[in-house]
Amino acid sequence: MSEGDSMEEEFLPDKIESKWQQRWNEEEIFIADINSDKEKFYCLEMYPYPSGKMHMGHVRNYSIGDAVARYRRACGYNVIYPMGFDSFGMPAENAAIAEGGHPREITNRNIALIKEDFSIMGFSHDWGRELMSHDHNYFRWNQWFFLKFLEKGLAYRTFANVNWCDDCNTVLANEQVHNGRCWRCSREVEQKDMDQWFLRITNYAQELLDCLDDIDFPSHVKALQRDWLGRSEGALIKFPVDGDEGLVIETFTTRPDTIFGVTFVTLAPENPLCESLVAGHENESKWRELRKQATMLSDMDRGMLKEKKGVFLGRYAINPLNGEKIPIFAGNFVIASYGTGSVMAVPAHDQRDCEFAFEHDLPIRRVLIENEDDDLEAEIERAFEGYGTMVNSSREGFDGLFGDDAKRAVIDALENENSGNGMIQWKVRDWLISRQRYWGTPIPIIHCDECGLVPVPEEDLPVLLPDDVTFTGEGNPLESSPTFSDVSCPTCGNDAKRETDTMDTFVDSSWYFMRFTDANNDNECFSNDAADYWMNVDFYCGGIEHAQMHLVYARFWTKALRDLGLHKEDEPFKELLCQGMVNAQAPYCKPCNVTHPTLERGNPCPLCSGELDERSAKMSKSLGNTVSPISMVEQFGADTVRLFILFAAQPTAGMDWSDTAVEACNRQMRSIWNLARDMLSWGDDTSTVDSWLATQFQVRKTEWISAMEGVHLRAAVMLSHYEVYSDLIWYQRRGGQNGTLVRTLLLDWAQMLHPATPHIAEELWAAAGGDGLIAARALNFNDEEIGETNILARELFVHSFIDQARQMKELAERHIDGEATSVTIQCAEAWKGELVRTGIELLENDFPMKGAMGEIMSRPFAQDEEIRRLVPGAWKRIMKQLYRWSPAERSVLKANLDEIGILRDTADFIGTELGVMEVNIYLAGDGEDVGGKAKFAYPSEPGIAYL
RNA sequence: GCAGGGGUACCCGAGUGGUCAAAGGGGCUGGGUUUAGGUCCCAGUGCGUAGUGCUUCGCAGGUUCAAAUCCUGUUCCCUGCACCA
């Protein structure tokens, strides 16, 4: 083996880290190219919004991704691991309004700053593929896609009632409204009627739902997406209005089997039908009042309403299946925007309708029966909402049907008579992508008085953002720019106006992972070949906050581009990992249930003046409990911070920042360094524990690989950074000092250290004489077969013997009233070993243990008169243990170790460990029974007596 | 109300039938090393005990030779959806 570079005396991260980072850069080893000989692996983190500073969330995100990317490279995959910036969006524009300047300059400056922060962590990103949303070479493809969608009818403009945030000065998608408030600024959202651009995501609703079964997303993310898509299956039923030829109320229901129990129909107060129905009736003003109340309330507030208010609209509808006349109401609990904005009411089988019926004294008719002997005429207290057998049907052929059969029969009847049909209703609406803000992708449309909406011709793309704007915070800046707005119509040449809406920034993040596959392509969004080689993303890591919007939009966009023939994948992300939050302690008042800023630490609660507790809370500026990654790296080095991040919690769990734990990780790094340095200076003395170390290390490697394969990063780091270290310490304690052995081992160990802490790994690799850079090579483990397992069993026996003996010593010294100077170890007689092995054998062969005694007594070893007498007592004890032995312990026992030989070989070590001068070892019965301890001797548990 | 995830020792946290009095880390205690502090190494950290015992994994039951782990009920916490027809 070649002599390696010598190691510094001390672990000095600031000295080694930049050195290796520079080497990685110079040798361009993270630059990925298509290579059809190698299997590809696409590792990706959600690309960040470029604030000017890296925070712990970034560090955690990329420490996870980087470990995966480095491991996959080591496995011989062709890894693509790109990075870029989600750089459009309101923070930069708001900063421009607040401080002056231009969002572009602010964004570029922030990107430069955060990239500098990233660089000290040693992540293995391929910066050759860097992209930024606000780069026109990127967003021009947003515009191009938009035109393609327009051609295919996937994009459209319509006048709609939309969510408006007055602070952000823009409309919002439904998903961007949380509890009736803007997701960004928390201002209450208003409803406005505006012309807006939409994408027809509903076309893909079914596929988005179905494909969830085939992708490896966490179950709660799938649940969230299913909720959001909100599929319900049922029927559309038409109720003609009595006395008004042609006027029909359409209702959607999931329970057509209750059609004969309909006793009224309820419309949302905002339903346009209401006006014509109630016109001229005495309740007209009551309805107007109800509508006014309803429109003033957000959907959220309406959800809070307990009181079911309704107004009879003075007219009747006809049940299409039995011709019955039923009253029409407007009800404040019916949502205008869900389904048809009207409900067929079945008070006997829907609790909400039931309450409304009680309130307004409406008839209740039971048409499903729960139990055979139910009395159908009995008064009900609440609705029976489960499935039941149809009864009381006002037409032939329905009574007796149940569940799906019942539904099917009703739907068939409706379809035959042209009064309804089976139907699937979705909660998801089309994606509203218009935003009335500057810092986003301009929508490539021109408004011409003559020609209407005219798409910008493809050759005129990109539509750039103008510079002649001022950011006042009043209105859409694009409207104030004449160079932007005033254009001539591409079709007729007349004066026309450019569309001033820009696209939701979620458009940018909906396909960036595909652009990464061919990021520097000036002629296409990406080439088919590149996308087909690299897609889809094998491992995607990011925050749970994107479970709905980003992760649904990206799935939709991927499918839409597939249908444009741009690539072949159905799904963008194969496996998703949602990293947990990074928390830190903050003052907390339990009675008030309020977390306070760290400034209040030591003070009484500002609200109740009680004493403040501590509790862990998400790191945030407002609480002031953030920890700066940069200062941590300056203090301890990037490797320590990365080790802490991976070791403090599993990737998906929340983690608490702890200064003492970080310091402990730093100590561990130093320990590894010092041990490695010592190992390099060892001579070549062989010893009996060499084979143990070699075998044990093989086992560690195997365990580590399986942990890494499962992305159990915490378990993997525990093995690579702690267990291997402990093994080496034990080896040393046992007298191991074989330099040749440990230097070979060090080459493998460095490879295990590499994914989490790459800098120290490179350093150890080089010092041990490894060729080139670890980061650049496929895993090259010296993997001999795992040796004889008896080697491990022997050492396990020694270790556990010392643990037992140490415990006994403490007790013994209390008895002999002084320090013990000698220990006498009596190993169990051969027949006890036979007994144990017989027991294990019977157990493993599923022998009925109740009859074990008879079987044992028939064995040769039990034929001796004296032994025969002792067997039942010993068996009683062994029986108890039998089930409790671990496979490892069983293997020790089955190995039928020469306990006396092993202990005699180890006698010096035992003496030192136990702190006694004299160690006597013999078979129980062969020498004096010191202290009467022979009776405690069992296989792997010798009798121990101190003097 | 519905859905999903949780409650493990001083703290964090592993743990899906026997490998469990329960990994690992932090903290704390003791010992060694050191001029000292730090580092480093070793040990201890439910109770008991010259060894096979007792009690404990939110609470209460149950299944089993055996339960932190499986079942039932209950309580508390988190997350999402919510008058969705």
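Naming convention: chains lettered A, B, ... in sequence-line order (proteins, then strands); numbering from 1 in each chain. Please read all numbers here as calculations on a predicted model, not as lab measurements.
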Quick one: [X] [atom1] to [N] [atom2], roughly how many Å, whole number?
{"X": "A:I944", "N": "B:U52", "atom1": "CD1", "atom2": "C1'", "result": "14 Å"}
{"X": "A:F936", "N": "B:U52", "atom1": "CZ", "atom2": "P", "result": "8 Å"}
{"X": "A:F358", "N": "B:C83", "atom1": "CZ", "atom2": "P", "result": "22 Å"}
{"X": "A:L643", "N": "B:G26", "atom1": "CG", "atom2": "C1'", "result": "14 Å"}
{"X": "A:Q548", "N": "B:U79", "atom1": "CD", "atom2": "C1'", "result": "11 Å"}
{"X": "A:Q351", "N": "B:A82", "atom1": "CD", "atom2": "P", "result": "21 Å"}
{"X": "A:Y722", "N": "B:G13", "atom1": "OH", "atom2": "C1'", "result": "13 Å"}
{"X": "A:I802", "N": "B:G44", "atom1": "CD1", "atom2": "P", "result": "12 Å"}

Between [N] and [M], how far is it from one [atom1] atom to the other, in whole Å?
{"N": "B:A22", "M": "B:U72", "atom1": "C1'", "answer": "26 Å"}
{"N": "B:U45", "M": "B:U52", "atom1": "P", "answer": "15 Å"}
{"N": "B:C41", "M": "B:G46", "atom1": "C1'", "answer": "28 Å"}
{"N": "B:G37", "M": "B:G30", "atom1": "P", "answer": "13 Å"}
{"N": "B:G13", "M": "B:C47", "atom1": "C1'", "answer": "24 Å"}
{"N": "B:C57", "M": "B:C42", "atom1": "C1'", "answer": "30 Å"}
{"N": "B:U64", "M": "B:A9", "atom1": "P", "answer": "30 Å"}
{"N": "B:G53", "M": "B:G38", "atom1": "C1'", "answer": "43 Å"}

Under 4.0 Å between any heavy atoms, over every strand shown, what does [X] touch: base, sugar-phosphate, or nothing? Just pick one.
{"X": "A:G943", "result": "base"}
{"X": "A:P218", "result": "nothing"}
{"X": "A:A945", "result": "base"}
{"X": "A:A664", "result": "sugar-phosphate"}
{"X": "A:R714", "result": "base"}
{"X": "A:K933", "result": "base"}
{"X": "A:Q650", "result": "sugar-phosphate"}
{"X": "A:F356", "result": "nothing"}
{"X": "A:T254", "result": "sugar-phosphate"}
{"X": "A:F647", "result": "sugar-phosphate"}

Please work out whether the ring planes of A:F801 and A:F797 are parallel, tilted or perpendicular, with thresholds of 30° and 60°.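 Plane angle between 30° and 60°, so tilted.
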Do the rings of A:W730 and A:F909 sit parallel, tilted or perpendicular, given the 30° and 60° boundaries?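 A:W730 vs A:F909 ring planes: perpendicular.
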Does A:L267 form a side-chain contact (heavy atoms from CB on, under 4.5 Å) with A:S342? I'd like the steps, not just the answer. CA-CA 4 Å; A:L267 306 184; A:S342 49; 3.2 Å; yes
Is any side-chain N or O of [X] closer than 4.0 Å to OP1 or OP2 of [N]?
{"X": "A:Q425", "N": "B:A85", "answer": "no"}
{"X": "A:S671", "N": "B:C40", "answer": "yes"}
{"X": "A:R667", "N": "B:U39", "answer": "yes"}
{"X": "A:R352", "N": "B:G1", "answer": "no"}
{"X": "A:R733", "N": "B:A43", "answer": "yes"}
{"X": "A:H815", "N": "B:A50", "answer": "yes"}

Yes or no on side-chain contact (heavy atoms from CB on, under 4.5 Å) for A:K933 and A:T824, after CA distance, side-chain angles and deciding distance? CA-CA 9 Å; A:K933 298 298 173 194; A:T824 302; over 6 Å; no
For A:Q804 and for A:Q807, find the nucleotide of RNA chain B with the closest heavy atom, then tell me which residue's nucleotide is more 5'. A:Q807
Take A:E813 and A:H220, find for each the nucleotide of RNA chain B with the closest heavy atom, and name the residue whose nucleotide sits nearer the 5' end. A:H220
Applying a 3.5 Å limit to both distances, which nucleotide forms a Watson-Crick or G-U wobble pair with B:G61?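 Partner of B:G61: B:C71.
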Assigned partner base of B:C40, Watson-Crick or wobble definition, under 3.5 Å: B:G32
Within 45° of the axis and under 6.0 Å from the centre of the six-membered ring of A:Y938, does NZ or CZ of A:K832 qualify?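 Cation-pi check for A:K832 and A:Y938: passes.
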Start with the C-alpha distance between A:Q732 and A:Q737, add both sets of side-chain angles, then the distance that settles side-chain contact (heavy atoms from CB on, under 4.5 Å), and finish with yes or no. CA-CA 7 Å; A:Q732 250 185 309; A:Q737 49 186 333; over 6 Å; no
Take A:L811 and A:M808, measure what side-chain contact (heavy atoms from CB on, under 4.5 Å) needs, and give me the verdict at the end. CA-CA 5 Å; A:L811 298 177; A:M808 293 313 309; 4.3 Å; yes
